[in-house]
Student: 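My questions will all concern the structure given below.
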Amino acid sequence: MPKWSLSFVVFSLLVLLSSSSNAQGNPQQIFEECKEKIRVIQVRSIERMEAITAECIRRIEELQAAGQHERARAVAGECIDLIRMTARRAMGNITEVCHRCVNALRELGANELADRLEAICIEARRNIATKANALIARIRSKF
C-alpha cells in the first residue's frame, strides 16, 4: 500500500462525514461512521505492518543464508523504522478522526457517545502499538 493511501482513506472518510447531511444532526450515525473510520484505519495499518514484516523476514533470511549478515541487520533496521512510521501515522490519523468526531458529538450534546468513542480510540491506538511491538520483536528474533 503506498504511503499516501492511508492518509487518502482518512481524508476521504472525513469528507464523507462532513458532507453527509444525514450525519450532521444524528449523533448515533456520527458515532457509527466514526467508529467504522477508526476500525478501517486500524485494520489497514495492521495489515500493512504485517505485510512489511513478512517481506522483511523473507529478505533477512535470504541475506543470512547468503552470508550477508551485516546487510541483513541493515534491512532489519529499515523494516523496524518503517513499521514504527506506519504505526505512528495510523495512530495520528486515529487521533485526528477521534478529535473531530468527539467534538462533533459533544457539540450535539451526545457526551455518552463521545466518551464511548474516546475509549474506542484509545483501544485502537493501543492495538496498533501492541501489534507494532510484536512485529518488531519478530524481526529482532532473527538475530
Student: Work out which heavy atom in His69 is nearest to a heavy atom in Phe143; give both atom names and the distance.
Tutor: O-CE2, 4.5 Å
Student: List the atom of Ile57, the atom of Lys142, and the distance in Å for their closest heavy-atom pair.
Tutor: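 Nearest heavy atoms, Ile57 then Lys142: CG2-CE, 3.6 Å.
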Student: Using a strict 4.0 Å threshold on nitrogen-to-oxygen distance, state whether Arg59 and Glu62 make a salt bridge.
Tutor: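 Looking at Glu62 together with Arg59, the answer is no, because their closest N to O distance does not fall below 4.0 Å.
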Student: Check whether Ile80 and Met85 end up in the same hydrophobic cluster, where Ile, Leu, Val, Met, Phe, Trp and Tyr are linked by side-chain heavy atoms less than 4.5 Å apart.
Tutor: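 Same cluster.
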Student: Hey, mind stepping through Arg44 and Glu47 against salt bridge (Lys or Arg N to Asp or Glu O under 4.0 Å) and telling me if it holds?
Tutor: CA-CA 5 Å; Arg44 289 193 178 166; Glu47 287 173 350; 5.7 Å; no
Student: I need the Ile41 CD1 to Arg39 CZ distance, nearest 0.5 Å.
Tutor: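 That separation rounds to 11.0 Å.
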Student: For the CG atom of Asn133 and the CZ atom of Arg84, what is their distance to the nearest 0.5 Å?
Tutor: 8.0 Å
Student: Heavy-atom count check: over 12 atoms from other residues, nucleotides or ligands less than 6.0 Å from Glu112 CD?
Tutor: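 Count not over threshold, so no.
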Student: For Asn127 and Ile46, work out which heavy atoms get closest and say how close.
Tutor: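 Where Asn127 meets Ile46 most closely, the heavy atoms are O-CD1, 4.3 Å.
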Student: Output yes when Arg138 and Glu50 qualify as a salt bridge under the 4.0 Å nitrogen-oxygen rule, no when they do not.
Tutor: no
Student: Working to the nearest 0.5 angstrom, can you tell me the gap between Thr130 OG1 and Glu123 CD?
Tutor: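 One finds 8.0 Å between OG1 of Thr130 and CD of Glu123.
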Student: Heavy atoms only: give me the nearest Leu105-Pro27 pair and the separation to one decimal.
Tutor: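 Shortest heavy-atom contact: CD2-O, 3.3 Å.
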Student: Can you see whether Ser45 engages Arg89 through a side-chain donor-acceptor pair at a distance of less than 3.5 angstrom?
Tutor: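 Result is no, nothing qualifies.
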Student: Go through the structure and list residues passing side-chain hydrogen bond (donor to acceptor under 3.5 Å, both in side chains) with Gln68, not counting sequence neighbours.
Tutor: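 In terms of side-chain hydrogen bond (donor to acceptor under 3.5 Å, both in side chains), with neighbours along the sequence ignored, Gln68 is linked to no residue.
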Student: Just wondering, do Leu63 and Glu70 contact through their side chains at under 4.5 Å, heavy atoms?
Tutor: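 No, their side chains stay 4.5 Å or more apart.
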Student: At what distance, to the nearest 0.5 angstrom, does CZ of Arg58 lie from OG1 of Thr53?
Tutor: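 If I round to the nearest 0.5 Å, the distance is 13.5 Å.
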Student: When rounded to the nearest 0.5 angstrom, what distance separates CD1 in Ile120 from CG in Asp115?
Tutor: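 Between Ile120 CD1 and Asp115 CG, I get 11.0 Å after rounding to 0.5 Å.
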Student: Using the side-chain contact (heavy atoms from CB on, under 4.5 Å) rule, pick out the option among Lys37, Lys35, Glu33 that qualifies with Val97.
Tutor: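 Single side-chain contact (heavy atoms from CB on, under 4.5 Å) partner of Val97 among Lys37, Lys35, Glu33: Lys37.
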Student: So, for Cys56 and Ile139, which heavy atoms are closest and what is the spacing to 0.1 Å?
Tutor: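 Looking at all heavy atoms of both residues, the closest pair is CB-CD1, 4.4 Å.
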Student: Where do Arg48 and Leu82 come nearest, in terms of heavy atoms and distance?
Tutor: NH2-CD1, 4.0 Å
Student: Apply side chain to side chain contact (heavy atoms under 4.5 Å, CB included) to residues Arg116 and Leu113 and explain how you reach the verdict.
Tutor: CA-CA 5 Å; Arg116 286 176 49 203; Leu113 289 175; 3.5 Å; yes
Student: Mind checking the CD-CD1 spacing from Glu78 to Ile83? Nearest 0.5 Å is all I need.
Tutor: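 Interatomic distance, Glu78 CD to Ile83 CD1, rounded to 0.5 Å: 12.0 Å.
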Student: With a 4.5 Å cut-off on side-chain heavy atoms, are His99 and Ile94 touching?
Tutor: no
Student: Using side-chain heavy atoms (C-beta onward) and a distance below 4.5 Å, is Cys98 in contact with Ile38?
Tutor: yes
